[in-house]
Each structure stands twice: as structure tokens, then as C-alpha cells.
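No hydrogens, no waters, no symmetry mates; every other heavy atom, side chains included, goes into these values.
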Amino acid sequence: MHQLNINTKASINRTVGLDFERLQKMSAEEIDAFIENRIGKRLRPAKALKGMISRGSVFLFGNRLVSSDYIDRRLSKI
């Protein structure tokens, strides 16, 4: 199993506000609720596709993932 080094764990602690061991024991919903409470606003995905909500997809949050409907619409304009 991969081990995180001390610097990475310290970075996670500074960014999220939880130590790594406690973070591992929490569910995704608990982590989201903790972060929302800490920053004072709701977390929301940058983009959703047909009711799907992203859980950590870099491509979906970075708007790099597009639906097939979007591709079809763009191609129909050519």
C-alpha cells in the first residue's frame, strides 16, 4: 500500500483542517459537511451531466469532460 510522506500529510492538514488519519476514517459526506462548515458555504460541482454529481473527477470539475449530446450539437453546427 502507498504511504504518504510527512509533508503531504501536513499539507492535507493545512488545507482541509483535519489530520490524515481522521480523514481516512470519515465518509465522503462527513468530509464534505466538515469542509462546508469550515468555509461557511456549500460545496458544489463545477459541472453536472444529466443529473450526475461528480465525486472527485478532475475532468468533470475542470470542465474537461463533455456529454455526447454536447459533442453532437457541436458537430451538427459544422
In residues 4-13, what donor-acceptor pairs under 3.5 Å come from side-chain atoms, sequence neighbours left out?
{"residue": "Asn5", "atom": "OD1", "partner": "Asn7", "partner atom": "N", "Å": "3.1"}
{"residue": "Asn5", "atom": "OD1", "partner": "Thr8", "partner atom": "N", "Å": "2.7"}
{"residue": "Asn5", "atom": "OD1", "partner": "Thr8", "partner atom": "OG1", "Å": "2.9"}

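Rounding to the nearest 0.5 Å gives a distance of 6.0 Å between CZ of Arg22 and CZ of Phe34. Atom CZ of Arg74 is separated from atom CG of Asp72 by 12.5 Å, given to the nearest 0.5 angstrom.
Of the possible donor and acceptor atoms, one in the side chain of Arg38 sits under 3.5 Å from a partner among the backbone N and O of Val16.
Of all heavy-atom pairs spanning Glu30 and Lys25, the tightest one is OE1-O, 4.4 Å.
Side-chain contact between Leu18 and Met26 is present, with at least one heavy-atom pair separated by less than 4.5 Å.
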